[in-house]
There are 2 protein chains.
Amino acid sequence: MGPVIEKETGHGATGDRILDAARVVFLEKGKAGARMHGIAAQAGINKALLHYYFRSKEDLYREVLTKELTVFFRGLIESIRPSGDIEALVRDFIDNYIDRLSRNPQVVRFLTWEVGSGGPVARNVIGGIVHGGEGVPIYRAFSNTVGDAARSGRIRPVDPQHLLFSLIGMCIYVFLAAPILSGVFPGVDTSDKTFLEKRKREIFDLVWYGIRAEKGGNDG
Amino acid sequence: MGPVIEKETGHGATGDRILDAARVVFLEKGKAGARMHGIAAQAGINKALLHYYFRSKEDLYREVLTKELTVFFRGLIESIRPSGDIEALVRDFIDNYIDRLSRNPQVVRFLTWEVGSGGPVARNVIGGIVHGGEGVPIYRAFSNTVGDAARSGRIRPVDPQHLLFSLIGMCIYVFLAAPILSGVFPGVDTSDKTFLEKRKREIFDLVWYGIRAEKGGNDG
DNA sequence: GTCTATATCCTGATAGAC
DNA sequence: GTCTATCAGGATATAGAC
């Protein structure tokens with residue numbers, strides 16, 4: 001049989017162990033707070049070998065973050081069916097965004113560190129995914145569905161860009177602010193399925209009642 | 001005449017220069033990335049004097065962040081009139097939150113760094129402000145107004161806590177993600193008054209249409 | 001590829017003169 | 001209160017044996 005390829009990362013087995021270890025440490029401490037020694041220890045090797053695989057901390061950080069964000073956002077976008085039905089699209093967006101954030105809380109943490117330091121890596125990755133890709137770029141598809149729904153009189157006219165920002169903001173906020181919110185409002189627990197399902201319903205209701213055309217007003 | 005007190009921070013003039021300098025450096029680099037040397041240089045003094053005023057980096061960070069967050073959130077809360085009118089309350093909240101974020105973008109940056117490292121300082125400050133204080137605690141007032149509006153049939157029943165999270169999330173997201181968004185969507189500029197006024201309108205409309213009772217249904 | 005040992009510089013914090 | 005000089009340890013990165 002041919003060569004056994006496990007993850008197809010372009011690094012060997014040790015290289016992958018390093019990436020996993022680096023992921024854990026960067027997540028916990030951020031880029032500046034992370035220590036190459038700590039990453040090597042987490043990977044079960046020493047600093048010299050670490051530098052043999054990745055020339056510098058900067059390189060390692062960029063590689064870890066790019067991989068993490070690419071996997072997350074590609075998966076997210078692929079899971080949102082580019083439906084022409086605005087109601088289904090909104091529901092799918094909220095469902096998928098929250099589900100995936102709750103299954104990948106480390107992504108929020110990475111984004112937090114990254115934004116703190118100006119976000120150069122995230123800007124590249126996300127920009128490429130949102131506007132690039134095969135077929136119709138995802139943002140274009142979203143924008144079209146919103147525009148069509150408004151023209152057909154199903155919803156009132158809304159700015160698709162702002163609607164998108166509102167959706168993202170409402171979904172991601174509780175994850176972002178979790179360390180603070182959980183101390184201020186007991187009961188807020190972003191790992192609790194019940195809380196998240198309620199959060200989904202509240203967001204969907206707010207948005208759907210907030211954009212749908214009033215009854216009797218759909219004579220576009 | 002009596003002693004001239006300028007800022008009432010509990011430190012002398014040099015202490016205040018240090019706090020200002022530390023604010024700038026912590027803002028740019030975060031706690032781990034900041035260097036005591038850099039802070040001293042920014043303040044025009046040397047490391048020894050810095051340690052004379054503030055025993056450790058940790059102390060200095062806590063003091064800077066506590067001051068920054070306390071001023072911001074106290075000001076924010078005081079500017080939101082605890083109106084019994086839900087529509088006015090929502091509008092005031094959005095107006096004030098966005099105005100104050102746009103005038104104090106550094107607060108978002110501080111919060112970002114702080115949340116990345118687990119948010120212990122922010123948790124204390126915000127918890128104290130939201131639940132403590134004189135008179136009726138602000139969250140209680142908000143919750144009461146929402147509950148009253150639902151009982152009187154002016155809005156549909158909504159969970160006040162989730163409504164609050166949605167409002168905050170929608171307002172703060174564009175500031176938080178600004179470094180990324182401005183690269184992905186040209187035209188997004190959180191220092192542009194026109195953009196922010198549009199953002200306010202879109203949020204208010206979404207929320208207000210999203211919670212108000214439908215016409216003919218207010219016989220609660 | 002993996003290790004030990006080391007180079008080189010930087011870090012937060014302190015001692016002690018003025 | 002403010003400085004120069006310095007400590008003791010830790011940081012990234014490399015040299016070189018195996």
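Remember, predicted model here, so these are calculated numbers, not experimental data. Letters go in sequence order (proteins before strands), and every chain restarts at 1.
A/Phe26 has its side chain within reach of A/Leu60: a pair of non-hydrogen atoms, C-beta onward, lies under 4.5 Å apart. A heavy-atom distance below 4.5 Å is not found between the side chains of B/Val158 and A/Leu206.
For the segment residues 45-62 of chain A, residues with any heavy atom less than 4.0 angstrom from an atom of DNA chain D are, sorted by number, A/Lys47, A/Ala48, A/His51, A/Ser56, A/Lys57. Annotation: proximity of residues 22-31 of chain A to DNA chain D (heavy atom, distance under 4.0 Å) is found for no residue.
Sparse packing is recorded around CZ of B/Arg55, with 12 or fewer heavy atoms of other residues, nucleotides or ligands lying under 6.0 Å away. Atom CZ of B/Arg140 sits in a sparse spot, with 12 or fewer heavy atoms from other residues, nucleotides or ligands closer than 6.0 Å.
A/Ala34 comes within contact range of the sugar-phosphate backbone alone, with a heavy-atom separation under 4.0 Å but no base atom that close. The residue A/Ala32 sits apart from the nucleic acid: no heavy atom pair falls under 4.0 Å.
In this structure, CG on A/Leu65 lies 9.5 Å from NZ on A/Lys31, to the nearest 0.5 angstrom.
Looking at B/Arg91, its side chain never comes within 3.5 Å of a backbone N or O of B/Phe204 through a donor-acceptor pair. The main-chain N or O of B/Leu76 is found under 3.5 Å from a side-chain atom of B/Ser79 such that the two form a donor-acceptor pair.
Here A/Arg62 pairs with A/Asp59 in a salt bridge; the nearest charged N to carboxylate O distance falls below 4.0 Å. Taking the charged nitrogens against the carboxylate oxygens, A/Lys200 and A/Glu197 do have a contact shorter than 4.0 Å, which makes a salt bridge. Between A/Glu78 and A/Arg74 there is no salt bridge, since no side-chain N of the basic residue sits under 4.0 Å from a carboxylate O of the acidic one.
Judged as a side chain to side chain donor-acceptor pair (under 3.5 Å), and not counting sequence neighbours, A/Ser83 has no contacts.
Paired with A/His11 under the rule ring pair (Phe, Tyr, Trp, His ring centres under 6.0 Å), one option of A/Tyr52, A/Phe54, A/Tyr53 passes, and it is A/Phe54.
Put simply, chain A comes within 4.0 Å of DNA chain D, heavy atom to any atom, from D/dA11 to D/dA15, going 5' to 3'.
When the C1' atoms of four end pairs are superposed on the next four at each end of the helix from C/dG1-D/dC18 to C/dC18-D/dG1, using five pairs per end, the two resulting axes differ in direction by 10°, to 10°.
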Can you give the donor-acceptor pairs under 3.5 Å from side chains of residues 109-119 of chain A to other protein atoms, not counting sequence neighbours?
from, atom 1, to, atom 2, distance (Å)
A/Arg109, NE, B/Gly116, O, 3.4
A/Arg109, NH2, B/Gly116, O, 2.8
A/Thr112, OG1, A/Val108, O, 2.7
A/Trp113, NE1, A/Leu27, O, 3.0
A/Glu114, OE1, A/Tyr61, OH, 3.0
A/Glu114, OE2, A/Val121, N, 2.7
A/Glu114, OE2, A/Ala122, N, 3.0
A/Ser117, OG, A/Trp113, O, 3.4
A/Ser117, OG, A/Glu114, O, 3.2

